[in-house]
Amino acid sequence: MDTLVTKKLSKHFGGIKAVDGVSISVKKKTITALIGPNGSGKTTLFNLISGFYGPDEGKVFFLDKDITNLKSYQIANKGLVRTFQLVRIFRNLSVIENMLVAPKRNYGDSFIKSIINFKKSIQEEKESYNYAIELLDLLELPHMKDEYAGNLSGGQFKLLSIGMALMRDPEILLLDEPVAGVNPTLANKIFDILINCRDKFNKTFLIIEHNMDVVLDFSDLIYVMNRGKIIAEGPPEAIFSNRGVIDAYLGAD
Amino acid sequence: MDLHPLVFLLLGIGTFILIYAILALSLNLQQGYTGLPNFGLIGFYGIGAYATASIIVQGINPIIGIILGMIIATVFGIAITIPAIRIREIYFAIITIAAVEIIRIIIRNEKAIGGEYPQLGIFNIPLLFGLDYEMHKIVSFLLLILVVICIYLILQFIIYSMPFGRVLKAIREDEDAVKALGKNPVRYKLIAFSIGAIIASLAGSMWVLTQRAITPDGIMPLWTFMIWIMVLLGGMGNNKGVIIGAIVITGIQQIVQELKFYIPTEVLDNNQIISLTWTSIGILIVVVLIFLPRGIIKERKVRGKDVEKTIKNVDGGIKGWIRLLLRS
Ligand SMILES: Nc1ncnc2c1ncn2[C@@H]1O[C@H](COP(=O)(O)OP(=O)(O)O)[C@@H](O)[C@H]1O
Ligand SMILES: [Mg+2]
C-alpha cells in the first residue's frame with residue numbers, strides 16, 4: 001500500500017493547464033522528490049493534494065482513502081501536512097507559540113471541551129511544549145524560542161515551518177522547496193533531519209525541489225514535472241541520465 | 001444621602017467609561033485577537049439594551065432580559081457572520097455595518113421592539129434594586145466595576161491560558177496556515193465572534209440597568225467608530241490597553257461635555273464644543289499612533305516561560321488556580 005496516490009489529477013487556470021493528468025504514488029517511509037522547472041505545476045499539485053484547490057479531474061488517495069473532496073483542514077487532520085513555498089507562519093507570535101499552534105489536541109482544539117476538561121487540555125499542552133522544545137533543539141532554533149517569528153531569517157523561517165508541520169506528527173509531509181534560499185550547509189542539515197525522521201519515526205516525505213543537484217543525495221525516488229505533466233520517474237541515478245529531463249531543464253531555465 | 005456634586009459627576013463619568021470598557025474588550029477579542037473587523041459592534045449592544053429594556057417594562061426580572069439579549073445577539077451574530085466569515089476582512093466589515101444599520105432602523109420604527117415611541121426609545125426603567133437615586137448611582141458604578149473585572153479575567157484566561165486562544169491569534173496572522181495545521185478557522189471565528197457578541201450585549205443590558213433609558217441614537221454607527229478608536233489608541237490585542245483607551249477617550253468626551261456648563265455660549269456654543277471633542281480626540285490619536293504605533297500598551301508577547309507557568313499553575317492546586325486567574 002502506498003501512502004499517497006494521485007490518479008490523473010488535472011487543474012487549469014484559464015487557458016493554462018497547470019497540472020495535466022498527473023498520477024504519482026509515494027511509498028511509505030521514503031523521501032520522494034518532485035522536481036521540474038519553474039511554473040511546471042509542482043506547487044499547484046501540492047495545492048490539489050492538500051485540498052487548497054479542488055481538482056478539475058482526477059482523484060487523491062491517502063492511505064487508500066479517497067480524500068479528493070475533503071477540506072484542507074480535514075486532510076491535515078488525517079495526517080497529511082504540507083508547508084508553503086512562500087513560508088506562512090504567524091509573524092507576531094513568538095517562535096514557541098508558532099510551534100504550539102500546530103499540534104492536534106484531543107481537548108484543547110474545542111472551546112467547550114477544553115473548558116470542561118481544562119486540566120486535561122493543559123496536560124496535553126505540557127506534552128506539546130516538551131515536544132516543541134525537543135524539535136526546536138533538533139532544528140537548531142532553541143535560542144530563538146522567545147523571538148517573534150517575524151524576526152527570523154529566511155532559512156530559519158523554513159526550519160520553523162518544518163518544525164510546525166512535525167508538531168502534528170504527520171504520516172506524510174509535503175514540503176514545498178524547503179531549502180530554497182537556504183545556505184548549503186543548512187540545507188544538508190535539513191535533509192539530515194528529514195532522513196532521521198524517515199528512519200526513526202517511519203515518516204514519509206514528498207518534497208518539491210527546484211534544484212536538481214540537491215535531491216540527488218537524499219531522495220529515494222524522483223518525479224520530474226514539466227508543463228503540468230510527469231515526464232519521468234525513477235531513482236536519482238536514472239533520472240540524471242535521462243535526456244528528456246535535462247532538455248526540460250535547459251529549455252526552461 | 002447627599003453626595004458631593006463632584007463625586008456625583010465622577011460616578012457618572014465612571015459609569016460611561018466602564019460601559020465603553022466592556023465594549024472595547026468585546027471588540028478587542030473580535031478584531032484585536034481574532035482579526036474579525038466588526039464594524040457593527042454597537043448593534044449587538046443595542047440588542048442587549050433593547051431586550052433588557054423591553055423585558056423590564058413588562059415587569060419581568062431583568063436577568064431574563066440580559067440572557068435574552070445574549071441569546072439574540074449570538075443568533076444574530078452567527079446569522080450575519082456565517083455568510084461573511086469566509087470572505088475577506090473588508091467585506092466582513094461592510095456586511096457587519098450594514099446588518100447593524102438594519103437593526104437600528106427597525107428599532108427606530110417598530111413599536112413592538114422600540115417601545116411606545118420608537119423614535120424616542122424606552123424610558124422609565126426603574127432604579128436598581130428599588131434604591132434611591134444616589135444609591136443607584138453608587139451601586140451602578142460598583143456593579144460595572146465588577147462586570148469589567150470579570151470580563152477582563154475571562155478574556156485573559158481564554159487568550160493566554162487556553163490553547164484555544166492561541167489559535168485565534170494565529171487565525172488573525174494567517175488563516176491558510178491554520179488550515180494547513182488541521183484547524184477549521186470558521187469554527188474558531190464563530191466562537192470568538194459569539195463571545196464578543198455576548199459581551200457587547202451585556203454592555204447594552206448594563207447601560208439600560210444603570211442609565212435607565214435607551215434611545216435609537218445610542219446605536220448609531222458613530223459609536224462603533226468610537227470603540228474602534230479606543231481599541232486602536234489603547235493597544236490592539238491588549239486587554240489592559242483597550243480599557244485605558246476607553247478611559248482616555250470617554251474621559252475626554254465627558255470632560256469636554258462638562259465644560260459647556262462653564263464656558264459662556266458667546267465663546268463656544270454647544271456645537272462648537274462637540275466639534276472640539278472630536279478635534280481633540282483626532283489630534284490625540286494621531287499623536288499617540290505616531291509615537292506608539294501599536295497603541296498605549298502593545299500586545300503581550302507570550303514566551304516559553306509563560307507557557308511553563310500556566311502548566312505549573314494548573315498542577316498547583318487552588319493557589320495555582322488563583323495565580324493562573326490573576327497572573328494576567
Ligand atoms: N492561483 C493561480 N491562478 C492562476 N494561475 C496559477 C495559479 N497558481 C499557479 N498558476 C499557474 O500555473 C502554472 C504552474 O504554477 P506552479 O504550480 O506554481 O509551478 P511551480 O510550483 O512548479 O513553479 C504557472 O503557469 C502559474 O502561473
Ligand atoms: Mg512552486
Side-chain angles (χ1 to χ4, degrees), chain A residues 50-52 71-84 87-98 100-105 107-115 118-119 121-126 128-129 132-133 136 142 145-150 161 164-165 167-168 170, chain B residues 32-33 35 86 154 157-192 194-195 236-237 294 298-317 320-321 324-325:
Chain A
S50 59
F52 277 82
K71 302 218 162 64
S72 52
Y73 61 87
Q74 294 169 322
I75 292 173
N77 253 330
K78 288 196 178 295
L80 187 156
V81 174
R82 59 87 55 94
T83 65
F84 295 88
V87 173
R88 308 189 82 142
I89 49 167
F90 312 117
R91 295 178 155 266
N92 292 310
L93 304 189
S94 65
V95 167
I96 186 75
E97 274 208 292
N98 270 262
L100 288 175
V101 171
K104 181 172 184 166
R105 298 165 194 269
Y107 300 100
D109 276 344
S110 147
F111 184 66
I112 304 288
K113 261 200 211 165
S114 62
I115 285 193
F118 180 67
K119 233 180 145 156
S121 79
I122 297 300
Q123 201 57 44
E124 275 181 329
E125 174 100 327
K126 186 176 178 178
S128 304
Y129 181 72
I133 297 290
L136 287 177
K145 178 174 63 128
D146 293 334
E147 194 55 60
Y148 282 117
S161 68
M164 287 158 70
M167 281 299 288
R168 289 200 67 82
Chain B
Y33 288 111
R86 288 164 213 274
I154 289 170
F157 180 79
I158 292 175
I159 300 293
Y160 294 105
S161 297
M162 286 173 68
F164 179 90
R166 188 181 296 127
V167 180
L168 299 184
K169 294 190 285 182
I171 288 170
R172 174 193 71 196
E173 298 293 312
D174 191 331
E175 217 176 305
D176 277 342
V178 171
K179 281 189 202 161
L181 295 171
K183 285 154 219 257
N184 178 6
V186 172
R187 233 184 62 196
Y188 287 84
K189 289 205 267 185
L190 280 178
I191 293 172
S194 300
I195 297 171
M236 190 93 82
R294 285 162 179 253
K298 68 172 187 178
E299 183 171 348
R300 182 173 121 198
K301 188 206 266 182
V302 175
R303 298 177 167 81
K305 232 176 34 217
D306 300 309
V307 180
E308 283 168 22
K309 264 191 208 146
T310 306
I311 294 168
K312 208 175 115 215
N313 284 335
V314 170
D315 283 338
W321 275 89
L324 185 80
L325 276 178

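Below, chain A is the first sequence line, B the second, and so on; all start at residue 1.
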Any side-chain heavy atom of [X] sitting closer than 4.5 Å to one from [Y]?
X	Y	result
B:Lys169	A:Glu97	yes
B:Arg166	A:Glu125	yes
A:Lys126	B:Asp315	yes
A:Ser121	B:Pro163	yes
B:Ile311	A:Gln123	no
B:Lys305	A:Ile96	no

Toward chain B, the part of [X] with a non-hydrogen atom under 4.5 Å:
X	value
A:Ser72	both
A:Ile89	backbone
A:Arg82	both
A:Met164	both
A:Tyr129	side chain
A:Pro170	neither
A:Tyr107	neither

Output the distance between atom [atom1] ([X]) and atom [atom2] ([Y]), rounded to the nearest 0.5 Å.
X	Y	atom1	atom2	value
A:Asn92	B:Met236	CG	CE	11.5 Å
B:Ile191	A:Ile112	CD1	CD1	6.5 Å
A:Gln74	B:Asn184	CD	CG	8.0 Å
A:Tyr73	B:Arg187	OH	CZ	8.5 Å
A:Arg105	B:Phe164	CZ	CZ	12.0 Å
A:Ile122	B:Leu324	CD1	CG	7.5 Å

- chain A contact via B:Ile158 - side chain, backbone, both or neither, heavy atoms under 4.5 Å: side chain
- So which part of B:Ile195 gets closer than 4.5 Å to some heavy atom of chain A, the side chain, the backbone, both or neither?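 Side chain of B:Ile195 only, per the 4.5 Å heavy-atom cut-off to chain A.
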- Electrostatic pair B:Glu173-A:Arg88, nearest N-O below 4.0 angstrom: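 Salt bridge flag = no for A:Arg88 with B:Glu173.
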- Message: Under a 4.5 Å cutoff for heavy-atom pairs, which residue among B:Leu181, B:Val314, B:Val307 has the most contacts with chain A?
- Response: B:Leu181
[Y] backbone acceptor or donor facing [X] side chain under 3.5 Å:
X	Y	result
A:Ser94	B:Arg303	no
B:Lys301	A:Leu93	no
B:Lys183	A:Asn77	no
B:Tyr188	A:Ser110	no

- Query: Among all residues two or more places apart in sequence or in another chain, which pass the salt bridge (Lys or Arg N to Asp or Glu O under 4.0 Å) test with B:Glu175?
  - Reply: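 In terms of salt bridge (Lys or Arg N to Asp or Glu O under 4.0 Å), with neighbours along the sequence ignored, B:Glu175 is linked to B:Lys189.
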- Message: List the residues meeting salt bridge (Lys or Arg N to Asp or Glu O under 4.0 Å) with B:Glu299, not counting sequence neighbours, and say none if there are none.
- Response: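 With neighbours one apart ignored, the set is B:Arg172.
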- Using a cut-off of under 4.5 Å on heavy-atom pairs, state which of A:Arg91, A:Lys145, A:Lys71 scores highest against chain B. A:Arg91
- Task: Taking all heavy atoms of A:Phe52 and all of B:Asp176, pick out the closest pair and write down the distance.
- Result: CZ-O, 3.6 Å
- Any idea which heavy atoms bring B:Ala180 and A:Phe84 closest together, and the distance? CB-CE1, 3.6 Å
